[in-house]
Undergrad: 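Below is one structure. I have some questions about it.
Below, each value reflects all heavy atoms present in this structure, side chains not excepted, and no hydrogens, waters or symmetry copies. Chain A is the first sequence line, chain B the second, and so forth, proteins listed ahead of strands; every chain is numbered from 1.
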There are 4 protein chains.
Amino acid sequence: MARPRSEEKQIALLEAATEVVASVGIGAPTSVIAKKADVSEGTLFRYFPTKDDLLNELYLYLKQDLCEAMIEGFDRAAPIKERARTLWYGYVDWGIAHPTAKNALRQLSVSEKITEKTQARAAKLFPDMEAVAKICVGKGLMAKRSSAFRDAIFMALADTTMEFAANEPKEAEAYKTAGFKVLWDGMIE
Amino acid sequence: MARPRSEEKQIALLEAATEVVASVGIGAPTSVIAKKADVSEGTLFRYFPTKDDLLNELYLYLKQDLCEAMIEGFDRAAPIKERARTLWYGYVDWGIAHPTAKNALRQLSVSEKITEKTQARAAKLFPDMEAVAKICVGKGLMAKRSSAFRDAIFMALADTTMEFAANEPKEAEAYKTAGFKVLWDGMIE
Amino acid sequence: MARPRSEEKQIALLEAATEVVASVGIGAPTSVIAKKADVSEGTLFRYFPTKDDLLNELYLYLKQDLCEAMIEGFDRAAPIKERARTLWYGYVDWGIAHPTAKNALRQLSVSEKITEKTQARAAKLFPDMEAVAKICVGKGLMAKRSSAFRDAIFMALADTTMEFAANEPKEAEAYKTAGFKVLWDGMIE
Amino acid sequence: MARPRSEEKQIALLEAATEVVASVGIGAPTSVIAKKADVSEGTLFRYFPTKDDLLNELYLYLKQDLCEAMIEGFDRAAPIKERARTLWYGYVDWGIAHPTAKNALRQLSVSEKITEKTQARAAKLFPDMEAVAKICVGKGLMAKRSSAFRDAIFMALADTTMEFAANEPKEAEAYKTAGFKVLWDGMIE
DNA sequence: AATGAATGAGAATTCATTCAT
DNA sequence: AATGAATGAATTCTCATTCAT
């Protein structure tokens, strides 16, 4: 990936892509993204040599943001349930606060365009979570499953929860509580 | 009098579409689908006037199959946990047995192409599940949430479970058990 | 051209074609014409081996109708101006009475699909007119021009006249009178 | 900064379209037009977003050319018959000199593709004609008809005349004289 | 470095015509 | 003879990417 100077433009492109991908999906034309970023069609390809590159970078960019939101306020010294709850709320609240980002992320996640490599890089963005999850659910039936499975369950529950919370804002708090209960009671023996 | 329209071809098209959508996603070219179904491009449009129509029909076709698999062996008289388990295994096992179908269904589910109308028709395919789910989790915290939320949680967990079970067939049984535990312990108070 | 039995169907097809061509133009799908004629798609091609054949036959069919309308009430013994007027009103009134037929005819006339041969056959449909026109304008400047030119002028004026008369029915009579005046005063020295 | 959009190409496309539309009609494939203009298919759609847009622009382009030819040499101070004759010859001679343009214009005129808006824009191209026509035939029977009718008669006669003049170049002058006579004697009381 | 014009390989869809029934 | 399902070439239009300026 060439590294042309203006980081500003790079971010403008990623933000534009977030919006367009969220609303139109992976099939979003690069020209539309460029226009929304206030950048010429050609310039997009100076920052991201390929549309697929753009999508992969976008995936990382969004994951990054999400992860930062999740660790915020995380206290290694807190009791285990508290730590789990912090992560849970960090995740769910981020999704509610950034619906387009969340939607774009979902579109990217199911698309075949995100490479293994990108997924690997994404995992490294948040090594803490790995560790935390391990500690959180070190006992019980789940302990024997891979951490990937636990993460996936966590996310599946959180995704569902944020979806409903976003749709019915008045019930948001209730959904979040209910979702966390499923997670906790289900995963801890 | 003329050659009768063959259901065979319609199914060939749906099966072909399943495979192609599973591997390429919603953007799958109709030409590829037609070729895989061993049918001319024009014929595809005789059976499905529009690509979107094809996708919507495919969604119903797959949901239908899934639902049949789920109710199989369902016994209204069985104890509640047994009924839940039947549905759970029906769902998860179908996904493991038909990975491309399951994948295609996921692609369709997140795409904006599936109309409200289609979703309504799909819901009618499986009224039992509604009822069952209501009975299963009539108590506890979840009782206060909408049944849609419970369904969504069910599916989210099952999707995740089948994903892992399909990837590591040797561990399949363990994943299924673990997944069901999360569902049951999490949802029942 | 094969001559399958039912003349009824042949006419149904021509009538259907008239309507469809009038409203959609030469590009009208044969399938639409067949459906409007209450005949199968394949059958159309038993009556007219080719779409172009259908269009050419349609041209003749409409011209025939028009010509019959024109000669009606024609009196060889009447004074020359009267004869011209009869033709004029025959033509213009036909156009007003059968707007779709007239429109279809116009579409066909400008299309490149009508062959020389068809045009020749059309000319023979109405040999009288030839003769009449010759007599009508045997003197003056026009006498030296080809009869084809006179016919064309006649039709150009009549087409224009019927167009306006059809659009403003209340003024129809006035347009017809005005149009005939141009023809007569212009062509007779 | 980037390559400027070349008016040259736009004109090449319009000229190509003129030829192709003249010979094949409105159904002319955009691919053929693009190739004849020595431009890629994609480029055609950069200059004219839609085939219909191309056709409408072509209509204006040709009308423009025709109108310029008509006003050339027009002298407001000349006697009325002279003014009418100038327009007449301007029109007819243009048609004879540019047979393909004339033919394309006819095809466009009868097609349903030319919008009201385009027709309005075309009318503005040549406000003089309106005025002149009014003066020319301010008296007599025609005075009571709408100017649109007079214009239409003018054009119908001129179209017919140029058709014949173009086909028999040796007789061109005679046809033009004869045609003008019909116009003049017919329209002036 | 940035621009946006140019490209051409597809994409979805239509339709005249053929052919099995 | 009639039907209408099947075909596939042709059509309009889109879009990622390249390249002249």
Undergrad: Send over the distance from C:Lys35 NZ to F:dT3 C1', rounded to a whole Å.
TA: 14 Å
Undergrad: Dump the intermediate steps for side-chain contact (heavy atoms from CB on, under 4.5 Å) on B:Arg121 and B:Gln64, then the final yes or no.
TA: CA-CA 10 Å; B:Arg121 283 174 65 197; B:Gln64 170 89 315; over 6 Å; no
Undergrad: What's the CD-C1' distance between A:Glu41 and F:dC15, to the nearest Å?
TA: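 Computing the A:Glu41:CD to F:dC15:C1' distance gives 9 Å.
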Undergrad: Any side-chain N or O of A:Thr30 less than 4.0 Å from the OP1 or OP2 oxygen of F:dC15?
TA: no
Undergrad: I'd like to know if D:Arg5 reaches the base of E:dA5 with its side chain such that a donor and an acceptor end up less than 3.5 angstrom apart.
TA: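 No, no donor-acceptor pair under 3.5 Å.
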Undergrad: Check this one for me: any side-chain N or O of C:Ser31 less than 4.0 Å away from OP1 or OP2 of E:dC15?
TA: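 No, no such contact exists.
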Undergrad: Select base, sugar-phosphate, or nothing to describe what A:Ala34 touches, counting heavy atoms under 4.0 Å on all strands.
TA: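 No contact.
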Undergrad: Test C:Arg106 against C:Asp159 for side-chain contact (heavy atoms from CB on, under 4.5 Å), laying out the working first.
TA: CA-CA 9 Å; C:Arg106 187 167 66 135; C:Asp159 283 343; 5.8 Å; no
Undergrad: Kindly give the heavy-atom pair with the smallest separation between B:Thr30 and B:Glu41, and that separation in Å.
TA: OG1-OE1, 4.4 Å
Undergrad: Please report the distance, rounded to the nearest Å, between CD in D:Glu7 and C1' in E:dA6.
TA: 18 Å
Undergrad: OP1 or OP2 of F:dA6 sitting under 4.0 Å from any side-chain N/O of B:Tyr47?
TA: yes
Undergrad: Atom NZ of A:Lys51 and atom C1' of F:dT18: how far apart are they, to the nearest Å?
TA: 17 Å
Undergrad: More 5' along DNA chain F: D:Pro29 or D:Gly42, using each one's nearest nucleotide?
TA: D:Pro29
Undergrad: To the nearest Å, give me how far apart CD (A:Gln10) and P (E:dA1) are.
TA: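 Those two atoms, CD and P, are 14 Å apart.
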Undergrad: Mind running side chain to side chain donor-acceptor pair (under 3.5 Å) on A:Glu15 and A:Tyr61 for me, showing each step along the way?
TA: CA-CA 9 Å; A:Glu15 291 293 341; A:Tyr61 176 74; 2.5 Å; yes
Undergrad: Are OP1 or OP2 of E:dA5 and a side-chain N or O of D:Arg46 less than 4.0 angstrom apart?
TA: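 D:Arg46 to E:dA5 OP1/OP2: side-chain N or O found under 4.0 Å.
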Undergrad: Does the side chain of B:Lys9 get closer than 4.0 angstrom to OP1 or OP2 of F:dA6 through an N or O atom?
TA: yes
Undergrad: Do you know which two heavy atoms are closest between B:Val39 and B:Leu44, and how far apart they sit?
TA: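 Nearest heavy atoms, B:Val39 then B:Leu44: CG1-N, 4.0 Å.
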Undergrad: Could you state the CG-C1' distance from D:Leu54 to F:dC13, rounded to the nearest angstrom?
TA: 13 Å
Undergrad: Which is more 5' along DNA chain F, the nucleotide nearest C:Asp38 or the one nearest D:Gly27? Just name the residue.
TA: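 The residue closer to the strand's 5' end, by nearest nucleotide, is C:Asp38.
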Undergrad: Choosing from E:dT7, F:dG4, F:dG8, which nucleotide comes nearest the side chain of C:Ser40?
TA: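 Out of E:dT7, F:dG4, F:dG8, the nucleotide with an atom closest to C:Ser40's side chain is F:dG4.
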Undergrad: Please check this pair: side chain of A:Lys51 against backbone of A:Ala28, looking for a donor-acceptor N/O pair closer than 3.5 Å.
TA: yes
Undergrad: Looking only at heavy atoms, which two atoms of C:Ala122 and C:Tyr59 are closest? And how far apart?
TA: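 Closest pair (atom of C:Ala122, atom of C:Tyr59, distance): CB-CE2, 3.8 Å.
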Undergrad: C:Phe45 has a side chain; which of E:dT17, F:dT18, F:dT12 sits nearest to it?
TA: E:dT17
Undergrad: How many Å lie between CG on D:Leu44 and P on E:dG8, as a whole number?
TA: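 Taking CG of D:Leu44 and P of E:dG8, I get 14 Å after rounding.
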Undergrad: Can you find a heavy atom in the side chain of D:Asn56 that is under 4.5 Å from one in the side chain of D:Phe48?
TA: no
Undergrad: On DNA chain E, compare the nucleotides closest to B:Asp52 and B:Pro4; which residue's is nearer the 5' end?
TA: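 Its nearest nucleotide lies further toward 5', so the answer is B:Asp52.
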Undergrad: Tell me the interatomic distance from C:Leu13, atom CG, to F:dA1, atom P, rounded to whole angstroms.
TA: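 So the two atoms are 15 Å apart, to the nearest Å.
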Undergrad: Less than 4.0 angstrom between a side-chain N/O of B:Thr43 and OP1 or OP2 of F:dA6, yes or no?
TA: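 So the side-chain polar atoms of B:Thr43 never come under 4.0 Å of the phosphate oxygens OP1 or OP2 of F:dA6.
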Undergrad: Name the stems with DNA chain E in them: runs of three or more consecutive Watson-Crick or G-U pairs, distances under 3.5 Å?
TA: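 Stems (3+ consecutive pairs) listed as E:2-21 with F:2-21.
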